[in-house]
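The chains referred to below are lettered A, B, ... by the order of the sequence lines, with proteins before strands, and numbering in each begins at 1.
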Amino acid sequence: MVFKMKNQQIAEVFKQIADILEIKGENFFRIRAYRRAAQNIENLTEDIDVLLKEKKLDIPGVGTDLSQKIQEMIDTGRLDYFDKIKKTIPSGLLEIMTIPGVGPKTTKLLYDNLSIDSVSKLERAAKKHKLRGVFGLKEKTEENILQGIELIKQGHSCILLSVAMAAAAEIMDKLKKLKLVKKINVAGSLRRKKQTIRDIDILISSTQEEKVIDEFCRLAPVKKILAKGQTKSAILTNNGIQVDLRVVKPDSFGAALVYFTGSKAHNIHIRELAKKRGLKINEYGVFLEKTGKKVAGKTEQDVYKALNLAFIEPEMREDTGEVEASQKHKLPRLVTLADIKADMHMHSNWSDGAYSIEDMAKTAQKRGYTYIVITDHSQSLGIAHGLSPERLKQQINEIRALNKKFKNFKIFSGAEVDIKSDGSLDFEDKLLERLDVVLAAVHTGFKQSKEQLTQRIVKAMQNKFVNIIVHPFGRLINERASYELDFEQIIKAAKDTNTALEINSYPKRLDLDDVHVRRAKQMRVMLAIGTDSHTIEQMNMMELGISVARRGWLEKKDVLNCLSQAEFLNRIKK
DNA sequence: GCCGTTTTCGGCCCGACTGTTTTCAGTCG
């Protein structure tokens with residue numbers, strides 16, 4: 001049987017080819033073509049082999065040659081060109097290139113002169129000061145390489161969105177107090193709300209750029225200054241997070257914000273557009289190419305307007321169709337936190353939560369919600385004190401009584417019911433029928449085959465009392481990979497059975513992810529945002545769920561949480 | 001290697017910081 005290659009693996013092959021070509025010093029644009037194709041393949045929402053079969057392989061940056069290569073990988077599970085080119089350099093060189101500050105040229109230099117073909121060899125050589133003999137390398141480079149290797153070992157490359165948001169807020173609060181600072185904003189992937197962040201980007205407008213940089217480098221959490229120039233600086237905080245700061249003059253703030261928010265692919269796309277219109281765009285503004293006259297730059301709105309584009313929300317700036325949608329004025333109106341009327345997934349002290357149902361309800365009311373669904377665990381999840389049928393019945397009665405205490409607010413009875421390994425549910429239908437809302441989830445048996453897991457969830461959706469499948473992929477970011485699912489089958493079943501899929505807001509889950517959310521929306525499946533709160537503080541995580549929803553292009557109408565109580569009950573009916 | 005309301009060939013986004021061969025290549029975002 002041929003090993004079937006998936007989007008991610010095909011993208012990975014292209015990325016590695018790009019790295020190899022880079023070390024070999026091949027044509028820069030050819031390298032970029034491989035990278036661009038890889039990124040666009042990663043952003044696909046459908047399996048590439050399905051697209052290929054249906055002859056719908058219309059991926060930007062993938063032409064005749066690359067689509068042939070994709071076809072070969074789908075058909076044979078390997079790529080002859082890749083196998084051949086891989087043999088031309090030692091595999092360790094690719095790893096060396098991941099060291100910050102070490103690129104293809106340095107890698108090649110080290111290999112050619114010192115036969116260094118692995119990170120460990122490089123570390124040994126640097127420690128013995130053997131690099132400084134090489135033409136072009138001196139003491140400082142040696143130091144930087146050793147520091148770069150340390151950084152890799154610490155593995156800070158994948159910071160959770162929630163962690164980065166908190167760290168950024170702390171630093172921004174300090175910078176905001178400076179009189180020199182006119183405007184300040186986060187930028188980069190943090191502003192785009194990616195699920196994990198590599199470093200924090202902050203943008204400031206000021207008339208005294210250098211002074212701001214000085215102040216920034218004196219801030220409390222600075223452990224090490226990585227770079228410090230007149231308008232730009234990078235530091236490492238005490239907890240090992242890299243923070244990049246850029247300072248521009250106030251009349252360039254908008255252009256700089258577009259520039260530093262990215263993504264890189266988005267920037268390249270709008271610059272190409274600018275060029276076609278006889279404009280040039282950089283971090284200082286939008287300029288007429290001929291005369292150099294500045295036509296925009298103060299605000300982001302101005303910049304997009306100068307390019308004849310409707311404003312594009314940061315979360316959409318991934319070059320996955322947002323520029324085209326903007327040109328046609330067909331951008332979605334993304335859902336916001338203010339649109340949320342309910343939390344759909346919360347645990348009380350009846351199972352493994354820390355607070356009473358009443359406490360959770362009161363907090364929800366303060367947040368401006370009009371209803372919540374209490375969803376404690378079902379019996380078989382012993383580790384989380386899952387409720388027995390008897391306890392659940394008691395809880396239903398308590399919630400009924402509790403509802404009399406609230407005005408214009410309703411607590412719905414729900415449960416997070418385990419989907420057992422055969423796809424049956426952890427409570428009898430007779431009991432499920434008494435609940436207002438039923439969530440179903442896989443908590444065990446992650447190692448089943450893709451077919452088994454898919455069928456298991458499909459079977460749960462076919463139960464007429466199940467309303468929402470929660471954390472559908474079961475992943476924990478940086479800890480546990482998603483189990484395998486045939487997502488097309490899942491969304492088809494979700495649609496056929498009117499079952500919603502959850503965006504779980506728990507910082508390590510964020511499951512569904514943005515890509516699957518967008519696909520679900522395309523297929524008109526409803527999404528529900530749940531915080532999976534076990535404490536009242538965790539109800540703040542709704543913001544993270546909203547980020548995923550926005551990255552998945554969701555509008556108010558796509559999200560169950562935005563419906564009124566009555567609309568909600570009506571909508572989830574089977 | 002991709003791509004085309006000027007083009008099937010000849011372009012392909014733009015600038016800051018660092019270390020070094022002190023004028024600029026390499027790296028990064």
Have a look at [X] and say if it touches a base, only the backbone sugar-phosphate, or nothing, with a 4.0 Å heavy-atom cut-off.
X	answer
A:Lys105	sugar-phosphate
A:Phe28	nothing
A:Lys108	nothing
A:Asn144	sugar-phosphate
A:Leu226	nothing
A:Tyr34	sugar-phosphate
A:Gly101	sugar-phosphate
A:Arg246	sugar-phosphate
A:Ile281	sugar-phosphate

Closest-nucleotide 5' rank along DNA chain B - winner of A:Gly136 and A:Lys280: A:Lys280
Residue whose closest nucleotide on DNA chain B lies nearer the 5' end, A:Thr107 versus A:Lys228: A:Lys228
For A:Arg317, the option from A:His266, A:Arg551, A:His269 that meets side chain to side chain contact (heavy atoms under 4.5 Å, CB included): A:His266
Please report the distance separating the [atom1] of [N] from the corresponding atom of [M], rounded so that it comes out in whole Å.
N	M	atom1	answer
B:dT22	B:dA16	P	23 Å
B:dT5	B:dG1	P	23 Å
B:dT23	B:dC28	P	25 Å
B:dC12	B:dC17	P	25 Å
B:dT20	B:dG15	P	26 Å
B:dT6	B:dC2	P	23 Å

Would you say [N] has OP1 or OP2 under 4.0 Å from some side-chain N or O of [X]?
X	N	value
A:Lys232	B:dC28	no
A:Lys69	B:dG1	yes
A:Ser233	B:dC17	no
A:Thr231	B:dC17	yes
A:Thr141	B:dT20	yes

Is [Y] paired with [X] through a side-chain N to carboxylate O contact shorter than 4.0 Å?
X	Y	value
A:Glu143	A:Lys140	yes
A:Asp19	A:Arg35	yes
A:Glu324	A:Lys328	no
A:Asp80	A:Lys84	yes
A:Glu215	A:Arg218	yes

Please tell me which of the listed nucleotides, [options], lies nearest to the side chain of [X]?
X	options	value
A:Tyr284	B:dG15, B:dC12, B:dC17	B:dG15
A:Asn282	B:dG15, B:dT18, B:dC12	B:dG15
A:Asp65	B:dG1, B:dG15, B:dC12	B:dG1
A:Pro104	B:dT27, B:dT20, B:dT18	B:dT27

Separation of [N] [atom2] from [X] [atom1] (nearest whole Å):
X	N	atom1	atom2	value
A:Asp58	B:dC3	CG	P	9 Å
A:Asn308	B:dT5	CG	P	17 Å
A:Asp319	B:dC12	CG	P	18 Å
A:Glu26	B:dC12	CD	C1'	17 Å
A:Lys140	B:dG26	NZ	C1'	16 Å
A:Asp19	B:dC28	CG	P	11 Å
A:Lys275	B:dC3	NZ	C1'	14 Å
A:Phe135	B:dG19	CZ	C1'	13 Å

Chi angles and distances behind the side-chain hydrogen bond (donor to acceptor under 3.5 Å, both in side chains) call for A:Gln39, A:Arg36: CA-CA 5 Å; A:Gln39 182 162 23; A:Arg36 174 152 186 256; over 6 Å; no
A:Lys182 NZ/CZ over A:Phe253 ring centroid, <6.0 Å and within 45° of normal: no
Identity of whatever pairs with B:dT8 - Watson-Crick or G-U, under 3.5 angstrom: none
